[in-house]
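Structure, as structure tokens:
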Amino acid sequence: LLAINYIFLAHFYIFAENFTMLQFILWDVSPQIFQAGGFELRWYGVLFATGFLIGQQILAKWYKNEGMNVKDVEAITIYTVVATVIGARLGHCLFYEPEYYLSNPLEILKVWKGGLASHGAAIGILLGLYLYSRTRANQTYLYVLDRVVILVAIGGGFIRLGNMMNSEIIGKESDLPWAVIYTNNAETKLESYFTNYISEAEISEIKSSEIDDPGLLQLKIVFIDTINQKYANYFATTEMTEALSRYEQLAEFIKLDENANPPVLAGDNKTMVFTIKGISRHPTQIYESISYFLIAAILFFAFYKPNDGKPVEGKIFSMFLILLFGVRIFHEFLKENQVEFEEGLSLNLGQSLSIPLVLTGVILFIYVSRKGMKNQA
């Protein structure tokens with residue numbers, strides 16, 4: 001089953017590599033759907049909620065068909081959502097930046113600043129559903145897990161789409177035709193870093209037949225009213241160059257074209273256009289989203305097609321651990337490391353945390369398979 005995922009991704013790779021008309025994808029999508037006053041609605045939150053709402057409806061149907069109390073689905077949803085958020089946040093803080101967060105424990109509560117770890121979410125869900133199963137005598141732990149993990153795979157697919165909308169969890173550099181240049185991230189960071197200079201930064205393709213390099217882009221800078229020509233030229237010759245060496249999070253997305261002519265102010269004395277090179281990267285969020293939806297489909301099939309008419313408890317859960325975290329190990333090879341200490345490691349933290357979960361899945365799968373064979377005998 002794990003091989004099915006790898007074969008699917010390999011075919012996707014070959015298809016896109018042969019699709020030569022596509023050079024790269026400019027990803028300039030705003031993470032916000034809309035903003036009014038102090039309120040904003042973001043794609044990540046909508047997609048996160050969508051995954052859980054779809055899962056809730058599917059689980060309600062299952063519980064109804066199996067003669068269970070449908071009202072229990074609300075309790076499972078609450079346990080799962082709370083466990084996901086708490087586990088994901090604590091996982092990020094304790095796995096990736098323990099020194100900082102243990103020294104600043106109140107920062108752990110600031111979820112809106114970002115920082116969630118899927119392995120922490122997995123541990124949180126396992127603990128949350130264990131607590132739930134303790135309150136229901138007719139629903140064993142494995143019974144609950146076998147159903148909920150299918151929905152978790154669906155939710156994971158939606159969450160990775162949310163990561164794509166946020167232009168986060170980026171992949172390594174790639175020259176493949178479907179590689180993505182995250183222009184929205186670069187624009188936002190420029191406007192944030194240089195609020196005393198510029199009011200707007202906009203990156204777009206260069207529409208010219210004279211340009212041979214398809215990776216070249218243009219960056220239009222609009223200066224604030226108080227900036228004169230002297231300061232604008234200083235910004236162009238000094239600040240931009242230093243920024244790309246000083247701010248790693250900006251240099252991840254763009255770099256100046258060394259062969260381009262120096263930028264000059266436009267006639268309005270407020271606009272300056274730079275020639276830059278966008279850094280195209282693997283859209284690892286899309287890779288993972290496709291994989292998770294595919295895994296959910298495989299688990300659905302296994303759930304409805306048991307050998308003896310009824311799946312052995314724990315089998316679906318064990319398959320989930322093997323497939324999802326096995327695929328995660330594969331995808332991590334295509335991602336940029338999230339924290340500095342991962343540099344130089346043969347396996348990053350995400351892979352190291354995935355291995356014991358895959359092994360747990362293998363052991364459980366063997367155990368429940370043998371148990372199923374004994375029951376048939």
Side-chain angles (χ1 to χ4, degrees), residues 1 45-88 118-162 289 291-325 327 357 360-361 364-365 367-369 371-372 374-376:
L1 292 176
V46 170
L47 289 166
F48 186 98
T50 299
F52 275 102
L53 289 174
I54 291 175
Q56 185 181 45
Q57 296 304 310
I58 295 173
L59 191 60
K61 182 178 179 180
W62 282 342
Y63 266 48
K64 182 178 179 180
N65 292 341
E66 295 171 4
M68 294 291 182
N69 188 350
V70 178
K71 291 183 178 180
D72 286 345
V73 174
E74 295 181 7
I76 291 177
T77 303
I78 293 173
Y79 272 87
T80 304
V81 171
V82 173
T84 298
V85 174
I86 294 177
S118 56
H119 291 89
I123 295 172
I125 291 171
L126 291 176
L127 292 174
L129 294 180
Y130 172 75
L131 295 176
Y132 166 81
S133 66
R134 292 287 300 272
T135 67
R136 304 295 192 279
N138 62 336
Q139 299 172 41
T140 66
Y141 187 37
L142 290 178
Y143 173 90
V144 176
L145 285 176
D146 278 341
R147 286 146 184 81
V148 172
V149 292
I150 301 177
L151 314 180
V152 169
I154 296 173
F158 279 103
I159 288 172
R160 281 296 179 255
L161 291 178
S289 181
S291 296
Y292 295 166
F293 287 135
L294 181 61
I295 289 170
I298 293 171
L299 296 179
F300 262 115
F301 180 81
F303 185 83
Y304 281 108
K305 296 292 182 181
N307 293 329
D308 59 352
K310 183 180 180 181
V312 181
E313 283 191 359
K315 186 173 183 179
I316 303 300
F317 173 55
S318 66
M319 291 171 61
F320 167 84
L321 292 177
I322 297 169
L323 289 170
L324 191 134
F325 291 102
V327 165
L357 291 170
T360 300
L364 180 60
F365 184 83
Y367 171 76
V368 298
S369 296
K371 182 178 179 181
K374 289 181 180 179
N375 291 340
Q376 288 183 357

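Side chains are part of it too, since the values below use all heavy atoms of this structure and drop only hydrogens, waters and symmetry mates. When a residue number appears, it is its place in the shown sequence, counting from 1.
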| query | Just wondering, do V144 and Y79 contact through their side chains at under 4.5 Å, heavy atoms? | reply | no

| Would you say D146 and L299 make side-chain contact, with heavy atoms under 4.5 Å? | no

| Quick one: CG on L126 to CG on L145, what's the gap to the nearest 0.5 Å? | 6.0 Å

| request: Taking all non-hydrogen atoms of both residues into account, name the closest pair between S318 and V368 and its distance. | output: OG-CG2, 4.4 Å

| query | What heavy-atom pair brings F158 and L47 nearest, and what distance separates the two atoms? | reply | CB-O, 3.4 Å

| If you round to the nearest 0.5 Å, how far is CZ of F52 from OG1 of T80? | 6.5 Å

| field | Distance, nearest 0.5 Å, that separates CE of M319 from CZ of F301 | value | 9.5 Å

| request: Decide yes or no for F300 and I58: does some side-chain heavy atom of the first lie under 4.5 Å from some side-chain heavy atom of the second? | output: yes

| field | Side chain proximity check, D72 to Y132, heavy atoms < 4.5 angstrom | value | yes

| Side chains of Y292 and I154: does their closest heavy-atom pair fall under 4.5 Å? | no

| Is there side-chain contact between L294 and V327, with at least one heavy-atom pair below 4.5 Å? | no

| Hey, what do you get for CZ (F48) to CG (L161), rounding to the nearest 0.5 Å? | 13.5 Å

| Should the ring pair F320 and F317 be called parallel, tilted or perpendicular, given that the plane angle runs from 0 to 90° and is split at 30 and 60? | parallel

| task | Please report the shortest heavy-atom distance between S289 and G157, naming the atom on each side. | result | OG-O, 2.9 Å

| remark: In terms of heavy-atom contacts, L59 and L151 come closest through CB-CD1, 3.6 Å

| request: With rounding to the nearest 0.5 Å, note down the distance linking CD1 in I322 to CG in L324. | output: 11.5 Å

| query | Are any non-hydrogen side-chain atoms of I76 and L129 less than 4.5 angstrom apart? | reply | yes

| Closest approach of G314 and L364, non-hydrogen atoms and distance? | O-CD2, 3.7 Å

| Sidechain-backbone polar pair: R147 side chain, Y143 backbone, donor-acceptor under 3.5 Å | yes

| Taking C-beta and beyond as the side chain, do H119 and F325 meet within less than 4.5 Å on heavy atoms? | yes

| query | What's the shortest heavy-atom distance between R160 and S118, and which atoms? | reply | NH2-OG, 4.0 Å

| request: Measure from the side-chain N and O atoms of Y63 to the backbone N and O of K71, and report whether any donor-acceptor pair falls under 3.5 Å. | output: no

